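Below is one structure, written out as structure tokens, with a few remarks after it.
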Amino acid sequence: MQKILQLLLTLTLTSVISLPISGCAGFWFGGNSENPKQPKPIEEDIAYYQALITINETYIKECQEWINDIEKEIETGEVNQDEAKIEITAISAEVQVYQGKINEYQYQILLLQSGGKITIVEKGQAIIFLTAKIENLREQLRLIKILQAEFPEDYPDQELKTIEKNITDTEIILKEILEIEEKKNDQSNFKQINNICW
């Protein structure tokens with residue numbers, strides 16, 4: 001259990017990988033000056049995580065709209081097709097970040113609702129959230145590698161290593177949750193963390 005708590009703490013300290021080419025939620029690309037306001041951090045409050053989910057859903061919607069606009073411009077020949085595809089790749093990587101955050105926040109809500117104890121009842125939901133997060137991270141990693149080939153100075157190897165470590169740490173937590181049934185439905189304590197690992 002101490003090992004899992006240590007991993008959660010490590011994940012907490014892992015920062016978000018930002019994409020220098022795009023920023024769906026900001027002023028620069030696709031965003032507007034009236035982005036949803038970040039909620040005040042109260043990590044023990046389910047409403048806090050629900051607000052973060054809503055914000056990230058908004059960002060995903062903005063990114064999808066931006067991708068649609070770029071695809072229309074490709075069809076009409078208004079933009080260079082190669083450059084537009086790179087922009088779509090960068091935006092898609094950012095969507096994976098936002099979707100991964102949503103999965104993490106849903107997992108945190110599950111921990112709060114269950115008092116930090118994952119039993120066989122919560123196990124299925126936890127597996128869904130963490131598996132989806134891992135899939136988002138893997139897709140983000142794949143897309144970042146594509147971007148790194150084009151722009152190595154903007155995507156240093158350290159960013160890839162950070163994503164890979166986040167995948168590994170999340171897989172370890174998932175493995176621990178998968179073992180709950182093997183422990184004859186014993187409850188496993190998973191203390192929620194003060195900051196999310198994104």
Side-chain angles (χ1 to χ4, degrees), residues 11 13-39 48-109 127-171 174 195-198:
L11 287 173
L13 301 176
T14 306
S15 63
V16 177
I17 302 297
S18 61
L19 300 175
I21 290 180
S22 65
C24 298
F27 289 93
W28 193 27
F29 288 115
N32 58 45
S33 61
E34 298 185 20
N35 285 323
K37 191 173 183 181
Q38 291 287 334
Y48 168 74
Y49 293 108
Q50 289 171 333
L52 290 175
I53 288 170
T54 301
I55 289 168
N56 281 278
E57 287 171 341
T58 301
Y59 293 161
I60 289 170
K61 184 179 175 189
E62 288 178 4
C63 288
Q64 294 299 343
E65 289 172 1
W66 193 19
I67 288 172
N68 291 339
D69 290 343
I70 293 170
E71 288 173 343
K72 287 177 187 173
E73 290 174 350
I74 290 173
E75 289 174 11
T76 61
E78 295 176 38
V79 294
N80 177 297
Q81 191 168 5
D82 292 334
E83 290 176 7
K85 286 182 180 180
I86 290 171
E87 284 185 43
I88 289 173
T89 301
I91 297 166
S92 297
E94 194 162 346
V95 168
Q96 295 303 314
V97 171
Y98 296 137
Q99 187 59 56
K101 286 180 181 183
I102 289 172
N103 290 312
E104 176 65 30
Y105 300 148
Q106 290 172 324
Y107 176 68
Q108 293 300 320
I109 289 171
I127 290 169
I128 290 168
F129 298 144
L130 293 175
T131 301
K133 177 183 170 186
I134 291 167
E135 289 172 9
N136 295 128
L137 287 166
R138 286 185 178 148
E139 181 63 8
Q140 178 192 6
L141 182 64
R142 185 186 74 78
L143 294 169
I144 295 291
K145 285 180 179 179
I146 292 169
L147 294 169
Q148 186 187 44
E150 291 286 326
F151 307 100
E153 65 283 351
D154 291 332
Y155 298 94
D157 287 337
Q158 185 57 43
E159 288 192 19
L160 299 176
K161 290 176 184 174
T162 301
I163 298 169
E164 289 168 346
K165 180 164 179 18
N166 199 341
I167 292 169
T168 301
D169 292 345
T170 305
E171 286 174 336
L174 179 60
N195 295 311
I196 301 306
C197 57
W198 284 88

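Any value given below was found using the heavy atoms of this structure, including those in side chains, with hydrogens, waters and symmetry copies removed. Not measured: the values here are computed from a predicted model.
Residue Ile60 holds its CD1 atom at 3.5 Å from CD1 of Ile102, rounded to the nearest 0.5 Å. Distance check, rounded to the nearest 0.5 Å: CD of Gln106 to CD of Gln50 gives 10.0 Å. To the nearest 0.5 Å, atoms CD (Gln140) and NZ (Lys133) are separated by 11.0 Å. Here the CD1 atom belonging to Ile91 is positioned 11.5 Å from the CD atom belonging to Glu62, to the nearest 0.5 angstrom. Note: Glu65 CD to Ile70 CD1 = 12.0 Å, rounded to the nearest 0.5 Å. Taking NZ of Lys165 as the reference point, atom CD1 of Ile163 lies at 13.5 Å (rounded to 0.5 Å).
For Ile127, the side chain to side chain contact (heavy atoms under 4.5 Å, CB included) partners are Lys123, Thr131, Leu174, Ile177, Leu178, not counting sequence neighbours. Every residue meeting the side chain to side chain contact (heavy atoms under 4.5 Å, CB included) condition with Lys145, not counting sequence neighbours, appears here in chain and number order: Leu141, Leu160, Glu164. With sequence neighbours excluded, the residues satisfying salt bridge (charged side-chain N to carboxylate O under 4.0 Å, His left out) with Glu139 are Arg142. Partners of Glu71 by side chain to side chain donor-acceptor pair (under 3.5 Å), not counting sequence neighbours: none found. Among residues two or more places apart in sequence or in another chain, the side chain to side chain donor-acceptor pair (under 3.5 Å) test is passed with Asn56 by none. Residues forming a salt bridge (charged side-chain N to carboxylate O under 4.0 Å, His left out) with Glu171 (at least two apart in sequence, or on another chain): Arg138.
Taking the charged nitrogens against the carboxylate oxygens, Asp157 and Lys161 have no contact shorter than 4.0 Å, which rules out a salt bridge.
Taking each heavy atom of Leu143 and Ser92 in turn, the nearest pair found is CD1-C, 3.6 Å. Shortest non-hydrogen contact noted between Leu147 and Ala90 is CD1-CA, 3.6 Å. Closest non-hydrogen pair, Trp66 versus Glu87, comes out as CZ2-OE1, 3.9 Å. Asp154 and Glu159 make their closest contact through O-OE2, 3.8 Å (heavy atoms, listed as atom of the first residue, atom of the second, distance). Counting all heavy atoms, side chain and backbone alike, Gln148 lies closest to Tyr155 at NE2-O, 2.8 Å. For the residue pair Asn103 and Phe129, the shortest heavy atom distance occurs at CB-O, 3.4 Å.
Taking the side chain as every heavy atom from C-beta outward, Ile86 and Phe151 approach each other to under 4.5 Å.
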Practice problem: Apply the test side-chain contact (heavy atoms from CB on, under 4.5 Å) to residues Ile74 and Ile88: give CA-CA distance (whole Å), side-chain angles for both, the deciding distance (0.1 Å), then the verdict. | Solution: CA-CA 11 Å; Ile74 290 173; Ile88 289 173; 4.1 Å; yes
Quiz item: Between Thr162 and Asn166, is a side-chain contact (heavy atoms from CB on, under 4.5 Å) present by the stated rule, with each step listed?
Solution: CA-CA 6 Å; Thr162 301; Asn166 199 341; 5.8 Å; no
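Applying the salt bridge (charged side-chain N to carboxylate O under 4.0 Å, His left out) test to every pair with at least one member in residues 75-86, sequence neighbours left out, gives no pairs at all.
Checking Gln96 against Asn136 by side-chain atom types alone, a donor-acceptor pair falls below 3.5 Å.
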